[in-house]
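Below: one structure, written as structure tokens.
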There are 2 protein chains.
Amino acid sequence: MEQFEKYEATCEEELAAIRDSLQILGGKWKLRIMRYLNNHVNETNTFKKIQRGVECISAKMLSKELQELEINLLVTRTVMNTRPVTVNYAMTEYGLSVFPVADSLVNWGLNHRQKIK
Amino acid sequence: MEQFEKYEATCEEELAAIRDSLQILGGKWKLRIMRYLNNHVNETNTFKKIQRGVECISAKMLSKELQELEINLLVTRTVMNTRPVTVNYAMTEYGLSVFPVADSLVNWGLNHRQKIK
DNA sequence: CGGTATCCATGTTGATACTG
DNA sequence: CAGTATCAACATGGATACCG
């Protein structure tokens with residue numbers, strides 16, 4: 001029963017970690033954007049190009065999501081010295097670590113669809 | 001470049017699966033509730049008891065979340081023949097399958113906190 | 001091109017009160 | 001005890017216009 005309290009505390013730590021994960025994987029766009037970048041890894045991925053590639057995302061959302069991805073060290077933003085300026089986005093090495101986690105979500109989700117159907 | 005289109009389609013399927021997963025793992029309460037149930041597996045887990053165990057959840061939210069968990073076959077709801085009625089909630093065998101996925105989120109999240117800090 | 005600013009529609013969550 | 005109903009607050013996302 002003391003153990004009861006203890007568990008709740010540990011649980012909170014884990015839930016905080018999950019919250020961090022979900023802030024990145026759980027949104028509507030971030031994973032889509034990262035998948036796009038990862039799939040066009042040898043190209044220059046400008047803002048407009050990403051916007052065209054990620055269906056229906058507004059400039060506002062794309063801007064916001066890219067900023068958050070950059071803050072989280074998952075994506076790099078590089079301003080190139082052209083006229084007019086072009087900006088290139090790319091996955092970081094670290095950013096690639098989200099994909100295995102995403103895959104485990106995909107697998108569970110696919111199985112779940114079968115189960116529920 | 002034809003491959004481009006093809007990828008986008010596959011991507012959509014996977015993203016739908018992820019959405020399913022996140023509907024369950026991504027909410028504010030469902031995982032907390034499931035963890036509570038799983039950690040009190042040999043007890044009778046009534047509505048009120050769960051509400052006390054899962055910090056700060058309102059009756060409305062708990063009611064709604066439990067319904068969704070039941071629909072998704074993750075939790076069972078058993079009305080017991082007492083006066084006044086008591087209702088018992090428990091994880092299903094299938095429901096347990098969410099925990100490994102949750103763990104992979106926890107691990108990534110914990111690592112990410114270190115990385116960002 | 002690469003965004004930001006503003007306003008608005010919608011969905012999610014909470015507080016409070018109430019019922020069988 | 002086990003919820004539901006109602007209203008309010010807040011977060012999310014989109015439409016549109018505009019700037020350097």
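Proteins get letters first, then strands, A, B, ... in listed order; numbering begins at 1 in each.
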* **Nearest atoms (heavy-atom pairs only) where Met61(A) meets Ile57(A)** => CB-CG1, 3.7 Å
Length of the line joining [X]:[atom1] and [N]:[atom2], which is rounded to integer Å:
X: Ile50(A); N: dC1(C); atom1: CD1; atom2: C1'; result: 13 Å
X: Glu55(B); N: dT13(C); atom1: CD; atom2: P; result: 17 Å
X: Gln51(B); N: dT4(D); atom1: CD; atom2: P; result: 12 Å
X: Ile33(A); N: dG3(C); atom1: CD1; atom2: P; result: 12 Å
X: Leu62(B); N: dA15(C); atom1: CG; atom2: P; result: 14 Å
X: Leu22(B); N: dT12(C); atom1: CG; atom2: P; result: 14 Å
X: Asn88(B); N: dG3(D); atom1: CG; atom2: C1'; result: 16 Å
X: Glu68(B); N: dG3(D); atom1: CD; atom2: C1'; result: 16 Å

* Tyr36(A) vs Arg32(A) side-chain heavy atoms within contact, under 4.5 Å -> no
* Asked: Any side-chain heavy atom of Glu70(A) within less than 4.5 Å of one from Thr76(A)?
  -> no
Is any side-chain N or O of [X] closer than 4.0 Å to OP1 or OP2 of [N]?
X: Tyr89(B); N: dC1(D); result: no
X: Arg52(B); N: dA2(D); result: no
X: Gln67(A); N: dT4(C); result: yes
X: Arg83(A); N: dG20(D); result: no

* Asked: Are the aromatic rings of His40(B) and Tyr89(B) close, with centres under 6.0 Å apart?
  -> no
* Asked: So Leu62(B) and Val54(B), side-chain contact (heavy atoms from CB on, under 4.5 Å) or not? Walk me through it.
  -> CA-CA 9 Å; Leu62(B) 184 54; Val54(B) 178; 5.8 Å; no
* Asked: Any sub-3.5 Å donor-acceptor pair from Asn72(A)'s side-chain atoms to Ile24(A)'s backbone N or O?
  -> no
* Nearest 0.5 Å, what's the CG-CG distance between Leu96(A) and Asn38(A)? -> 5.5 Å
Listing time: all N or O pairs from protein to nucleotides 10-14 of chain D that are below 3.5 Å?
unit_1	atom_1	unit_2	atom_2	d
dG14(D)	OP1	Lys28(A)	NZ	2.9
dG14(D)	OP2	Trp29(A)	NE1	3.3
dG14(D)	N7	Lys60(A)	NZ	3.2
dG14(D)	O6	Lys60(A)	NZ	2.1

* To do: Step by step, work out the side-chain contact (heavy atoms from CB on, under 4.5 Å) result for Ile33(A) and Leu69(A).
  => CA-CA 9 Å; Ile33(A) 295 167; Leu69(A) 289 173; 4.1 Å; yes
* Structure fact -> Considering only heavy side-chain atoms of Lys48(A), the closest of dC1(C), dT4(C), dA2(D) is dC1(C)
* Nearest to side-chain heavy atoms of Thr46(A), which nucleotide of dG2(C), dA2(D), dT4(D) -> dG2(C)
* Gln23(A) atom CD, over 12 foreign heavy atoms within 6.0 Å -> no
Distances for protein N/O vs nucleotides 18-20 of chain C N/O pairs under 3.5 angstrom?
none

